[in-house]
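Contents: one structure, followed by commentary.
Positions are given from 1, in the same order as the sequence printed here. In what follows, every heavy atom counts, from backbone to side chain, and hydrogens, waters and symmetry copies are set aside. Quick caveat: nothing in here was measured; it's all calculated off a predicted structure.
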Amino acid sequence: MFRSGQTVQSRPRTPLMGKGTAHRASLGFILMSTDLACEADLFAMAPEGVGVHITRLRTDDYTTNETLARHIDHMADAAGRLQPDMKPAVIAYCCTSGSIVCREENVFREIHKGAPYTRPMSIVTGVMDALREVGAKRIVVGTPYLDDINTAEAEYLLAAGFDILDIQGLQLETGVEFGQVEPAYWKEFALEIDQPDADAIFLSCSGTRTLEVVEEIEQAAGKPVITSNQALMWSCLRRAGIADQLSGFGQLFNHPGRALTPTL
């Protein structure tokens, strides 16, 4: 029995040490402070033995091109906080519109500055990897964004070689609103904007609950559906050498990752 004033003396032991829960790979993700969906999606998609490590950027809960551009200012610091002793195989910035406004090359540079041992990634890089992997050239895009952001996104994807048959936004202003849209509405919205000539439907934004209905939309539309979080996790896993085929998250996870683009 321990009594006040005594000194604790532990007996010598040799603990059984393993490689931890992330014995296959560690992945780091930089989320917005306002994001209500991405964290749950990433953990849901993580295969056994793959560690998911999260940090967040303080973010204005008003989403415009101007507020998104400020994300880059603290990117390096955020990257350096993600399990630096474990050195994640990939660190990704998890904002689709922010990846476009800040531009991928700037995101890669700042993540590399804070974590030079990792492969830097952005969510829009994963989206384009995924669209190319499923052979999608002509796409329709659904977003929660204001039209200034939609215009920037359409221009970015067009410059990357995709034909935008249509892009429609819900004209929501805040990240909290993004996360409050019900999955059933995303299904309805996706099928509304789909066109017969579209190779795929892309639902943009990390902060929306689109992953929950991706397979329902694919079954109804008869074509691949790419969501931001699904594409991000698929691309990060493939870059980390994890080729697992996961069920429940769309046909993308049946693909090996031959279309991955280099970052740094």
Quick one: does [X]'s side chain have a donor or acceptor within less than 3.5 Å of a partner on [Y]'s backbone?
{"X": "Lys113", "Y": "Gly80", "answer": "no"}
{"X": "Gln171", "Y": "Pro144", "answer": "no"}
{"X": "Thr263", "Y": "Met121", "answer": "no"}
{"X": "Lys223", "Y": "Ala198", "answer": "yes"}
{"X": "Glu215", "Y": "Gly250", "answer": "yes"}
{"X": "Gln168", "Y": "Ile193", "answer": "no"}
{"X": "Arg238", "Y": "Asp244", "answer": "yes"}
{"X": "Thr118", "Y": "Pro88", "answer": "yes"}
{"X": "Asp199", "Y": "Arg138", "answer": "yes"}
{"X": "Thr34", "Y": "Met32", "answer": "no"}

Quick one: does [X]'s side chain get under 4.5 Å of [Y]'s, heavy atoms only?
{"X": "Tyr145", "Y": "Thr96", "value": "yes"}
{"X": "Tyr93", "Y": "Glu110", "value": "no"}
{"X": "Phe29", "Y": "Cys38", "value": "no"}
{"X": "Leu211", "Y": "Phe249", "value": "yes"}
{"X": "Val181", "Y": "Arg209", "value": "no"}
{"X": "Met233", "Y": "Leu27", "value": "yes"}
{"X": "Gln230", "Y": "Val225", "value": "no"}
{"X": "Thr63", "Y": "Ile149", "value": "yes"}

- Message: Can you tell me which residue among Thr227, Thr210, Asn229 is in a side-chain hydrogen bond (donor to acceptor under 3.5 Å, both in side chains) with Asp41?
- Response: Asn229
Which heavy atom of [X] sits nearest a heavy atom of [Y], and at what distance?
{"X": "Cys95", "Y": "Gly98", "answer": "SG-N, 3.2 Å"}
{"X": "Ala190", "Y": "Ile201", "answer": "O-CD1, 4.0 Å"}
{"X": "Val107", "Y": "Ser122", "answer": "CG1-CB, 4.1 Å"}
{"X": "Cys94", "Y": "Leu31", "answer": "SG-CD1, 3.7 Å"}
{"X": "Leu237", "Y": "Pro47", "answer": "CD2-CD, 3.8 Å"}
{"X": "Tyr156", "Y": "Ser99", "answer": "OH-O, 4.4 Å"}

- Which residue pairs satisfy the salt bridge (charged side-chain N to carboxylate O under 4.0 Å, His left out) criterion with at least one member in residues 123-134, sequence neighbours excluded? Asp129-Arg239
- Could you go step by step and tell me if Glu153 and Thr143 meet the side chain to side chain donor-acceptor pair (under 3.5 Å) rule? CA-CA 10 Å; Glu153 179 154 338; Thr143 87; over 6 Å; no
- Query: So if you build clusters from Ile, Leu, Val, Met, Phe, Trp, Tyr with side-chain heavy-atom gaps below 4.5 Å, do Ile139 and Leu191 land together?
  - Reply: yes
- Look at the side-chain heavy atoms of Ile, Leu, Val, Met, Phe, Trp and Tyr, link any pair under 4.5 Å apart, and say whether Val214 and Leu232 land in one connected group. yes
Rounded to the nearest 0.5 Å, what's the gap from [atom1] on [X] to [atom2] on [Y]? Could you check?
{"X": "Arg58", "Y": "Asp73", "atom1": "CZ", "atom2": "CG", "answer": "14.0 Å"}
{"X": "Leu146", "Y": "Glu173", "atom1": "CG", "atom2": "CD", "answer": "5.5 Å"}
{"X": "Gln251", "Y": "Gln245", "atom1": "CD", "atom2": "CD", "answer": "12.0 Å"}
{"X": "Ile30", "Y": "Ile123", "atom1": "CD1", "atom2": "CD1", "answer": "12.0 Å"}

Is the count of non-hydrogen atoms from other residues, nucleotides or ligands lying under 6.0 Å from [X] atom [atom1] greater than 12?
{"X": "Phe43", "atom1": "CZ", "result": "yes"}
{"X": "His255", "atom1": "NE2", "result": "yes"}
{"X": "Arg13", "atom1": "CZ", "result": "yes"}

- Query: For the residue pair Phe189 and Tyr185, does the interplanar ring angle fall in the parallel (under 30°), tilted (30 to 60°) or perpendicular (over 60°) class?
  - Reply: parallel
